[in-house]
Number of protein chains: 2
Amino acid sequence: MDVARLAGVSIAAVSRTFTPGSSISSKLSKKVHKAALQLNYVPNNLARSLITRRTNIVALMLPNLDNQVYSALLSEASLRLQENNTQLLLFTPNDDNDFDRTLQRMLEYQVDAIVIAAASISSRMAALCLGRDVPVVMLGRHLPSLSVHSVRGDAEDGGVKAAQLLLNGGGKRFGIISGSQSFTTMLERKQAILKHLSSSSGIEDVVIADGKLTYEGGYQAALEVMSSAERPDSLFCLTDIMALGAMDAIRHKLNLRIPEDVAVIGFDDIPEAAHESYKLTTVRTPVRQMIHHMMELIALESSEEPPQTIMIDAELILRSSTRSVPSHL
Amino acid sequence: MDVARLAGVSIAAVSRTFTPGSSISSKLSKKVHKAALQLNYVPNNLARSLITRRTNIVALMLPNLDNQVYSALLSEASLRLQENNTQLLLFTPNDDNDFDRTLQRMLEYQVDAIVIAAASISSRMAALCLGRDVPVVMLGRHLPSLSVHSVRGDAEDGGVKAAQLLLNGGGKRFGIISGSQSFTTMLERKQAILKHLSSSSGIEDVVIADGKLTYEGGYQAALEVMSSAERPDSLFCLTDIMALGAMDAIRHKLNLRIPEDVAVIGFDDIPEAAHESYKLTTVRTPVRQMIHHMMELIALESSEEPPQTIMIDAELILRSSTRSVPSHL
DNA sequence: CGTAATATTGTAAAGGCTTACAAAAATGTT
DNA sequence: AACATTTTTGTAAGCCTTTACAATATTACG
């Protein structure tokens with residue numbers, strides 16, 4: 001190509017000067033660089049990828065960016081990947097759009113790996129990816145039936161820890177604000193809470209409301225839960241954004257005090273949870289660690305590796321939305 | 001390739017069945033589809049792009065996702081682009097990373113267009129992009145010297161409207177919480193406020209504090225501003241996240257009332273601004289419209305088009321952090 | 001039914017790069 | 001200096017498509 005001609009070298013030579021680790025003399029390299037600069041030459045990744053079978057692109061499927069947890073995942077993933085010279089190609093399916101089609105498009109782009117945060121994937125597609133040696137890792141979700149990697153916070157552990165905390169805080173009547181969508185994580189958190197409440201204190205009556213996974217959803221669901229005959233004195237919100245809505249509903253609409261009248265605990269630890277206005281006690285979703293493991297799973301060469309499920313311990317972040325342990329304990 | 005062989009047709013035929021609008025009989029198309037399904041064939045965008053010179057990828061450079069404005073831009077852009085079958089390739093430079101290198105990498109990926117939200121670009125690079133016919137559009141920022149497109153909210157208009165509002169609310173002593181980084185938007189907002197305050201009411205003394213563009217930054221800056229000799233009764237926060245921090249500092253640390261003791265106005269209208277806990281009056285950054293125009297600018301074929309600067313009127317979102325107009329007006 | 005017009009198909013070149021292989025140059029060894 | 005090594009370079013094939021062009025099949029029409 002032109003650069004080669006101008007520099008008076010072979011095409012292979014220019015390729016080598018732009019491929020770190022190739023054998024090229026500094027004399028040639030210098031000539032090529034000069035010519036490249038003169039011609040505003042930029043290597044063409046397409047052609048390169050076509051032959052090397054590596055695009056340095058990882059596809060990421062995100063449900064939406066409204067929930068800050070996803071922003072955090074996205075941000076962290078992007079940063080870490082960039083350290084390896086690879087970029088994120090973003091896919092945000094809108095509801096009617098079926099996932100299989102999105103997956104298919106990812107494959108068309110020949111991405112090096114596929115990361116799916118929430119939302120699921122059909123086993124047909126999982127097989128397709130496997131067949132093409134494209135690692136798939138699910139973030140914060142897990143389908144045992146699927147042979148793809150997954151990394152997530154330990155929802156059960158988190159649920160238990162949350163239940164313990166509210167129990168220790170002297171809670172007697174419990175409420176749960178859950179998401180209407182049936183994400184496994186939500187379900188697991190809920191089950192764990194219910195089970196622990198029952199097994200450790202014999203509590204069976206828990207008021208549950210489902211809402212959308214938004215501030216508004218939490219607000220409405222809180223209104224619902226708190227107006228039940230036996231008003232809860234302890235509230236689990238399966239997601240921080242919902243917790244924020246719930247807190248605002250409780251304080252500003254219902255005029256109740258947190259945590260005196262009702263203790264609130266959330267899940268995720270989004271940035272707002274730390275705001276002075278909320279100071280929400282929550283079970284953290286370990287974004288850094290999740291992405292760290294994601295990177296490892298992506299790097300796994302052969303798809304011969306059996307699918308791994310990595311589970312990260314829950315970490316309780318204590319703030320002021322829950323009662324501290326009564327003194328007599 | 002294999003599909004062609006299995007289907008018993010030419011390579012061109014399979015290409016045509018996967019290229020909408022090509023001339024292909026339904027008989028052949030059916031045969032090809034069958035074979036493709038059998039072989040799990042997925043078209044290779046790389047090869048296609050190499051020849052068509054279109055990747056259906058748009059590069060987006062974002063400073064960080066902490067600020068929800070950027071999440072919103074990202075989200076909206078991704079959604080709109082997907083409607084045109086194109087995906088976002090994300091670049092999040094970390095500070096030490098120089099922008100020119102990032103730009104260069106974008107070009108290597110042969111992206112169809114480059115969108116830059118905040119952060120700047122050297123004129124050398126602008127020229128390079130122009131030379132390769134890659135449209136560049138800057139979001140929310142503008143450098144007159146650069147020949148790239150830009151679309152942004154009218155910061156001046158916004159500043160004036162904000163100033164008017166706080167003035168009408170009976171403000172006498174004013175404070176501004178600004179960002180330490182020198183984004184043009186910040187500067188323009190500040191200038192506009194200062195100018196309007198001065199020209200319409202002869203106010204020259206304004207307490208200004210710079211902070212990081214974060215909740216924390218706003219919190220600290222508010223503490224600083226509010227402890228000045230003449231404590232402001234009206235506070236401009238050049239960014240909503242900073243405004244949230246400021247509000248929390250004012251209420252929970254300083255124990256002052258909003259808006260009675262001090263009126264607060266922000267810029268951007270991020271989702272949290274609408275939360276019951278804040279109810280922040282703010283000047284909206286018109287994300288939808290910005291992306292809408294971005295799409296148009298990207299579509300512009302020839303880079304012969306002169307660079308356009310699209311300015312969108314500011315919209316005041318009235319909530320409860322500002323005083324309403326005194327009755328005697 | 002024969003010819004003209006149109007639609008469908010195949011052939012082969014091209015797109016910009018990497019890389020196996022062979023040839024040439026530089027370096028080391030005795 | 002003669003040879004064995006090692007390093008550098010060039011040649012050419014190949015990665016998977018699209019597409020101009022020519023060839024063939026189909027349809028329309030008098």
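Protein chains get the first letters and strands the later ones, always in sequence-line order, with residue 1 at the start of each.
One can place CG of A/Asn44 at 12 Å from P of C/dG15, the figure rounded to the nearest angstrom. Atom P of nucleotide C/dT11 and atom CZ of B/Arg5 are separated by 14 Å, given to the nearest angstrom. For A/Glu108 and D/dC16, the CD to C1' distance is 14 Å, given to the nearest whole Å. Note: CG (B/Leu50) to C1' (C/dG15) measures 4 Å, nearest angstrom. Atom CZ of B/Arg53 is separated from atom P of D/dT19 by 12 Å (rounded to the nearest Å). Between the P atom of C/dG16 and the CG atom of A/Asn40 lies a distance of 16 Å, rounded to the nearest Å. For the pair B/Leu28 CG and D/dA25 P, the interatomic distance rounds to 13 Å; values are reported in whole Å. With rounding to whole Å, B/Arg48 atom CZ is found 21 Å from C/dC17 atom P.
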With the criterion being N/O to N/O and under 3.5 Å, what pairs connect the protein with nucleotides 19-26 of chain C, and how long is each?
unit_1, atom_1, unit_2, atom_2, d
C/dA20, N6, A/Arg16, NH2, 3.4

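In this structure, the salt bridge (Lys or Arg N to Asp or Glu O under 4.0 Å) partners of B/Arg152, at least two apart in sequence or on a different chain, are B/Glu188.
Heavy atoms of B/Leu46 sit nowhere under 4.0 angstrom from any nucleic acid atom. Across all strands, B/Ser23 comes closer than 4.0 Å to base atoms (heavy-atom distances).
Contact of the B/Leu213 side chain with the B/Asp66 side chain is not registered, since no non-hydrogen atoms from C-beta on lie closer than 4.5 Å.
Contact record, B/Ser49 with B/Arg54: OG-O, 2.9 Å, taken as the closest heavy-atom pair. When every heavy atom of A/Leu28 is checked against every heavy atom of A/Ala13, the shortest pair comes out as CD1-CB, 3.8 Å.
Candidate nucleotides D/dT9, D/dT17, C/dC17 were compared by shortest atom distance to the side chain of A/Ala47, and C/dC17 ranks first.
Note on ring orientation: taking the six-membered ring where Trp is involved, the planes of B/Phe18 and B/Tyr41 are tilted (angle from 30° to 60°).
Within the 3.5 Å criterion, the main-chain N or O of A/Thr19 finds no donor-acceptor partner in the side chain of A/Arg48. Between the A/His33 side chain and the A/Ser29 main chain, a donor and an acceptor come within less than 3.5 Å of each other.
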